[in-house]
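Written out below as structure tokens is the structure these notes cover.
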Amino acid sequence: MRVRATAATAALLLAALTACGGGGSDSSSASKSKAPDSKNEKVDCTSQTLDQAEWMKHCAEETGADPDTGAKSTGLKFGETYTWPDGLKASVVDAKVFTDFNSEYGESAEPGSTDFRVALKLENTGKKPTALDDLSLIVEGATNGGEASFTAFENGSQPLEGRLAPGVTATKNADHVLETKYGKKIVVTVQRNSENFDLEFPEFNGAISG
């Protein structure tokens, strides 16, 4: 039986990383960009001589980077990869219109809507198994709003469930329905259930093909 529901968006608190710079009076310190006296002072995040600790402290949030890893978590494109601190890598491979309906389960196209499947590539480069049940997707229209409802199509389904062992790569998928009035350009947010409330949820930009 086909079930539809709307995913609830999750709010995050982004903690600032406090970096301590080492002391010293050698001449090499003169080549570093001067550290700001306060957070209100502007920092040139494009400077090639800016100290790494200062960049992480003042520029990571501005560029959408995870303050723990420095990895960019927003503005990612389909095919690009985000890595969480524990070594789990995620990449949205593509989003394609779904037409392989199973009539025995009552599946069919919805008038005025786009049925599609999102493929998610996952690689565990960490040292512990990862629970795939902790992952979920939120899909939103990127043109004029709209949030897709999630559903489940029988044929070819590879749901986010079970565990991914260290050193293993797998491609899973998740099915959604978006009203056609919102177009085919979408933003896919990969959520991850965790006790770490500072954990980033990467956002991938692309379009539904087909």
Side-chain angles (χ1 to χ4, degrees), residues 3-16 60-98 113-126 130-153 157-162 164 169-210:
V3 179
R4 295 183 56 195
T6 300
T9 56
L12 290 177
L13 296 174
L14 184 63
E61 182 175 355
E62 176 183 321
T63 57
D66 183 330
D68 292 327
T69 65
K72 181 181 178 182
S73 61
T74 59
L76 295 165
K77 296 179 180 179
F78 285 5
E80 294 184 331
T81 301
Y82 178 82
T83 305
W84 278 287
D86 66 350
L88 179 63
K89 294 184 176 183
S91 174
V92 173
V93 179
D94 55 35
K96 294 183 177 180
V97 171
F98 188 86
S113 296
T114 301
D115 300 278
F116 63 98
R117 171 169 285 170
V118 177
L120 183 67
K121 181 180 178 181
L122 300 164
E123 180 181 1
N124 188 355
T125 64
T130 297
L132 299 183
D133 309 72
D134 290 338
L135 299 173
S136 61
L137 306 183
I138 290 179
V139 182
E140 299 171 296
T143 303
N144 61 344
E147 182 176 341
S149 299
F150 64 85
T151 185
F153 300 120
S157 178
Q158 294 289 335
L160 289 164
E161 57 188 25
L164 191 66
T169 300
T171 299
K172 301 294 183 178
N173 54 47
D175 302 324
H176 296 79
V177 179
L178 181 67
E179 291 183 68
T180 54
K181 66 182 181 181
Y182 296 121
K184 289 188 175 181
K185 291 184 179 180
I186 56 175
V187 177
V188 179
T189 301
V190 183
Q191 296 187 120
R192 190 176 181 190
N193 185 34
S194 173
E195 294 180 357
N196 178 9
F197 294 105
D198 295 328
L199 202 66
E200 291 286 332
F201 294 164
E203 298 177 357
F204 299 86
N205 298 268
I208 303 168
S209 61

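Bear in mind that the values here come from a model prediction, so they are computed numbers and not experimental data.
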Problem - Steps toward side-chain contact (heavy atoms from CB on, under 4.5 Å) verdict (Thr114, Tyr182) - result: CA-CA 10 Å; Thr114 301; Tyr182 296 121; over 6 Å; no
Practice task
Take His176 and Leu137, measure what side-chain contact (heavy atoms from CB on, under 4.5 Å) needs, and give me the verdict at the end.
Solution key: CA-CA 10 Å; His176 296 79; Leu137 306 183; 4.3 Å; yes
Handout entry: Test log, rule side-chain contact (heavy atoms from CB on, under 4.5 Å), inputs Leu164 and Leu88
Key = CA-CA 9 Å; Leu164 191 66; Leu88 179 63; 4.2 Å; yes
Problem - Stepwise side-chain contact (heavy atoms from CB on, under 4.5 Å) test for Thr130 and Leu122 - result: CA-CA 10 Å; Thr130 297; Leu122 300 164; over 6 Å; no
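At a threshold of 4.5 Å between non-hydrogen side-chain atoms, the residues Ile208 and Val97 count as touching. Looking at heavy atoms from C-beta onward, Val190 lies out of side-chain contact with Tyr82 at the 4.5 angstrom threshold. Thr125 is listed as a side-chain neighbour of Lys89, based on a closest heavy-atom distance under 4.5 Å. Proximity of Ile138 to Phe201: side-chain heavy atoms (C-beta onward) are nowhere separated by under 4.5 Å. Inter-residue side-chain proximity for Glu161 and Leu132 is flagged as unmet; no heavy-atom pair is nearer than 4.5 Å.
With rounding to the nearest 0.5 Å, the separation of CD in Glu179 from OG in Ser149 is 8.0 Å. We find the CZ-CG distance between Arg117 and Asp175 to be 4.0 Å, quoted to the nearest 0.5 Å. Taken from CG in Asp133 to CG in Asn193, the straight-line distance is 10.0 Å, to the nearest 0.5 Å. In this structure, Lys72 NZ and Thr83 OG1 are separated by 14.0 Å, a value rounded to the nearest 0.5 Å. With values rounded to the nearest 0.5 angstrom, Phe78 atom CZ is found 10.5 Å from Leu120 atom CG.
Around NZ of Lys184, the count of heavy atoms belonging to other residues, nucleotides or ligands within 6.0 Å exceeds 12.
Looking at Asn173, its side chain does come within 3.5 Å of a backbone N or O of Gln158 through a donor-acceptor pair. No donor-acceptor pair closer than 3.5 Å links the side chain of Asp94 to the backbone N or O of Val118.
In this structure, a donor-acceptor pair under 3.5 Å is absent between the side chains of Glu203 and Thr74.
Listed here is the closest heavy atom pair of Ser73 and Glu200: OG-OE1, 3.1 Å. The heavy-atom pair separating Val187 from Ala142 by the smallest distance is CG2-CB, 3.9 Å. Shown here for Asn144 and Lys181, the closest heavy-atom pair between the two residues is ND2-O, 3.5 Å. The nearest pair of heavy atoms linking Leu178 to Gly183 is CD2-O, 3.6 Å. In terms of heavy atoms, Phe116 sits closest to Ala148 at CZ-CB, 4.1 Å.
Ion pairing of Arg192 with Asp134 is absent here, as no side-chain N (NZ or NE/NH1/NH2) approaches a carboxylate O to less than 4.0 Å.
Phe98 and Phe153 have parallel rings, their planes meeting at less than 30° on a 0 to 90° scale where 60° marks the start of perpendicular.
A search for side chain to side chain donor-acceptor pair (under 3.5 Å) contacts involving Ser91 returns nothing, not counting sequence neighbours.
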